[in-house]
Amino acid sequence: MARTTQEALERIWRVVASIPPGEVESYGSVARRAGLPRRARLVGHALKAAPEELRLPWHRVVNAAGRISFPEGSAAHALQRSRLEAEGVQFRGAAVVRAARRAPEDLDALLWAPPGAPAVRRAR
DNA sequence: GTTGTGACGACTT
DNA sequence: AAAGTCGCCACAA
């Protein structure tokens with residue numbers, strides 16, 4: 001697979017570049033898609049080391065909890081959040097709301113929940 | 001060499 | 001649910 005670190009970084013950059021506007025992906029997920037399972041930390045390094053000319057949508061990468069990995073109050077945190085909000089990404093507290101995950105849950109509930117069954121956990 | 005530090009995450013308490 | 005713990009490994013000192 002990735003024989004050198006440089007090659008790994010390039011694969012990560014390509015994956016990040018493929019994240020559509022308005023969506024987010026976790027570091028771990030990016031790593032897996034790049035063929036580098038368990039290398040979430042490397043994704044962080046890759047973004048830090050990414051050449052500015054690539055114009056990567058780095059702001060679409062958040063941690064597994066759906067939260068921005070820069071310290072709250074930092075300029076980078078504020079920039080990432082504002083860029084996401086500008087693309088229509090919604091937040092619930094500090095975590096992003098992932099529409100792609102919520103819809104199927106609700107659909108399953110509508111299609112399969114027997115009448116009178118305990119309510120499926122509602123999205124906040 | 002060795003050690004400490006992460007833009008992380010999965011598991012276990 | 002929240003806090004530890006451990007795995008991961010590139011880099012800098």
Side-chain angles (χ1 to χ4, degrees):
Chain A
M1 299 301 260
R3 332 210 88 261
T4 73
T5 300
Q6 181 62 28
E7 188 185 332
L9 297 189
E10 287 167 3
R11 298 167 65 123
I12 288 166
W13 294 336
R14 201 158 30 240
V15 169
V16 171
S18 79
I19 306 173
E23 292 187 22
V24 297
E25 184 165 358
S26 74
Y27 293 88
S29 173
V30 168
R32 283 190 299 276
R33 282 214 292 135
L36 300 160
R38 283 184 294 300
R39 303 300 307 280
R41 294 190 98 114
L42 185 59
V43 174
H45 175 68
L47 293 181
K48 184 170 55 178
E52 175 60 34
E53 308 84 69
L54 289 183
R55 294 286 125 89
L56 290 183
W58 56 268
H59 56 284
R60 296 178 194 142
V61 184
V62 297
N63 63 218
R67 303 169 36 103
I68 290 170
S69 287
F70 291 112
E72 280 186 73
S74 68
H77 181 107
L79 174 62
Q80 183 169 8
R81 175 149 182 165
S82 64
R83 282 202 187 184
L84 287 174
E85 286 176 334
E87 292 185 349
V89 174
Q90 301 222 359
F91 284 77
R92 178 185 11 166
V96 305
V97 175
R98 276 171 278 210
R101 282 184 52 167
R102 228 183 35 216
E105 279 175 17
D106 289 351
L107 203 54
D108 280 351
L110 285 172
L111 291 174
W112 296 107
V120 174
R121 191 156 72 94
R122 281 278 107 208
R124 250 0 76 101

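Because only heavy atoms are used, hydrogens play no part in the values below, and waters and symmetry mates are left out as well, while side chains stay in. So you know, we letter chains A, B, ... as the sequences are listed, proteins then strands, and number each from 1.
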**Message:** I'd like to know if the side chain of A/S29 and the backbone of A/S26 have a donor-acceptor N/O pair within less than 3.5 Å.
**Reply:** no
**A/E7 side, atom CD; A/R11 side, atom CZ - distance, nearest 0.5 Å** = 6.0 Å
**Request:** Check the surroundings of atom CD in A/E85: do more than 12 heavy atoms from other residues, nucleotides or ligands lie under 6.0 Å from it?
**Result:** yes
**Message:** Test your reading of the model: is there a side-chain donor-acceptor pair from A/R60 to the backbone of A/I19, 3.5 Å cut-off?
**Reply:** yes
Filtered N/O pairs between nucleotides 1-5 of chain B and protein, under 3.5 Å:
none

**Request:** Examine distances only and state if a side-chain atom of A/Q80 and a backbone atom of A/V61 form a donor-acceptor pair shorter than 3.5 Å.
**Result:** yes
**Request:** Verify, without hydrogens or angle tests, whether A/H77 (side chain) and A/F70 (backbone) share a donor-acceptor contact under 3.5 angstrom.
**Result:** yes
**Message:** Return a single string for nucleotides 7-12 of chain B, one symbol per nucleotide in 5' to 3' order, where B is base contact, S is sugar-phosphate-only contact and - is none, cutoff 4.0 angstrom on heavy atoms.
**Reply:** BBSS--
**Request:** For side-chain contact (heavy atoms from CB on, under 4.5 Å), just list the numbers for A/L42 and A/H45, CA-CA rounded to whole Å, side-chain angles, deciding distance to a tenth of an Å, and then say yes or no.
**Result:** CA-CA 5 Å; A/L42 185 59; A/H45 175 68; 4.1 Å; yes
